[in-house]
Amino acid sequence: MPEQETFENIYKDLSKEPGRCRFAKGGMGWKVNGGTTWTIHADMINGCMSHWSRAARGYECKIHTKAADVGIMQLDGFEAHDFDRLKDILKQLYNITLESREHTLKGWNWGKAEFSKSELYFNVNNKPAFEIPFDEVSNSNLAGKAEVAIEFADKSDLEADATGKKKKKVFAGVDQLMEMRLYIPGMPEKGDGDDDEESKA
Amino acid sequence: TSNGVEKKQVKKFESYKRENQLPVGVADLKIMVDVRAQTIILPIFGRPVPFHISTIKNVSKNEEDPFTHLRINLVSPGQGVGKKDELPLEDSSAHFVRSLSYRSTDRARMAEISQSIQDMKKQALKRDQEKKEMED
């Protein structure tokens, strides 16, 4: 068994540039050519949940880290044949079980919004279509009857991004997702306590 | 029927069957229109997510320098009368993605995307209409 593994051309958290990603005993490091090395300590990923899925640049390894300032780490750009090597090293070094998760490509917009510990999943036919990390949500509210509006960038996010204080994934691309609205039937209606006692609380 | 919600047959449409059918351009994490698959691909937190043209209701564009805002409205229940036919409802408790709003500094491309979605929608409606007439 190798003591460490290195993967080239990996994009971290929707980065514009790819970098070199290394998994070693002490933790994981990621470095863009000529840049500084970003690291996360092994303790922060030990035993964490991890998924392997097709993403934008190639295949993605998502690790739900224990570090509050990192949250869900997305490493995109792996090739299909990297799976076994990655799976083995994650298990060996950090006791992470890399689970393969297939996404739906049906193109449907109906399913079930489900909540896990750190993400909202939108499942179509029992397969996720996409996930929304809770860290990325600025605001959510009942926008109308059975309608939930989820906002990803409020004023403070825009300011924090402009000053480089906090990098949210929402600002990573040219096309930035600012809001999503979901239709969720069966929720108590806003300002309507007649037919649902719980909504009075 | 119950609760006034009619059960409808799920329309048989599907954007892609396999991962390798996704266009190469998804790597750019930008909004894409794939006319061949009758699909719009939207980047959602690093994942290219397809939406078939049949799920698209309309699109609106709004300029607010330096950003162009694009709001994509999808077909969902409770959007007024006469829309029930479009709904692929098999399960009345289904959740829907109702709209997605993007902003971009790439003004020209946003205009192009908005136009192609509208054109694609128009053609899809025309095809549906022709099919209906054939059946009648």
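What you are looking at is a predicted structure, and each value in this text was computed from that prediction instead of being measured. Labels below follow one simple rule: chain letters A, B, ... track the order of the sequence lines, proteins then strands, and each chain is numbered from 1.
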Smallest separation among heavy atoms of B/P48 and A/A56, with atom names: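 Distance-wise, the nearest heavy atoms are CD-N, 3.8 Å.
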
Locate the shortest heavy-atom distance separating A/G107 from B/S15; write the atom from each residue and the value.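 In terms of heavy atoms, the two residues are closest at CA-OG, 3.4 Å.
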
[atom1] ([X]) with more than 12 external heavy atoms under 6.0 Å:
X	atom1	result
A/R85	CZ	yes
B/N20	CG	yes
B/Q118	CD	yes

Is a side-chain N or O of A/N109 found less than 3.5 angstrom from the main chain of B/V97, in a donor-acceptor match?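 Judged by distance alone, yes, a pair lies under 3.5 Å.
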
Between B/L29, B/V24, B/I44, who has the most heavy-atom pairs with chain A when the cutoff is under 4.5 Å?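 Going by pairs under 4.5 Å, I would pick B/I44.
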
Using a cut-off of under 4.5 Å for heavy-atom pairs, which of B/R109, B/M110, B/Q21 has the most such pairs with chain A?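 Most pairs with chain A among the choices: B/R109.
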
Step by step, work out the side chain to side chain contact (heavy atoms under 4.5 Å, CB included) result for A/R54 and B/V26. CA-CA 11 Å; A/R54 166 70 216 241; B/V26 298; 3.5 Å; yes

Rounded distance (nearest 0.5 Å) linking atom [atom1] of [X] with atom [atom2] of [Y]:
X	Y	atom1	atom2	result
A/D175	B/F67	CG	CZ	11.0 Å
B/Y16	A/T104	OH	OG1	12.5 Å
B/D28	A/K16	CG	NZ	12.0 Å
B/R103	A/E179	CZ	CD	13.5 Å
A/I184	B/F96	CD1	CZ	12.0 Å
A/L105	B/I41	CG	CD1	9.0 Å

Close side-chain approach of [X] and [Y], heavy atoms under 4.5 Å:
X	Y	answer
B/F51	A/W108	no
B/H95	A/L182	no
B/E19	A/Y59	yes
A/K112	B/S93	yes
B/N73	A/R181	no
A/E60	B/R47	yes

Chain B heavy atoms under 4.5 Å from [X]: which part of the residue, side chain, backbone, both or neither?
X	result
A/K62	side chain
A/I150	neither
A/Y11	neither
A/Q176	both

Among [options], which residue forms the greatest number of heavy-atom pairs with chain B at distances under 4.5 Å?
options	result
A/N123, A/L177, A/D76, A/L14	A/L177
A/G173, A/P133, A/A113	A/A113
A/H103, A/Q74, A/E136	A/H103

Would you check, one step at a time, whether the test side chain to side chain contact (heavy atoms under 4.5 Å, CB included) holds for B/V49 with A/F122? CA-CA 11 Å; B/V49 185; A/F122 196 82; over 6 Å; no

Region of [X] that comes under 4.5 Å of a non-hydrogen atom in chain A:
X	answer
B/R71	side chain
B/L70	neither
B/T55	both

Residue pair B/Y102, A/M178: steps toward the side chain to side chain contact (heavy atoms under 4.5 Å, CB included) verdict: CA-CA 5 Å; B/Y102 283 84; A/M178 305 304 278; over 6 Å; no

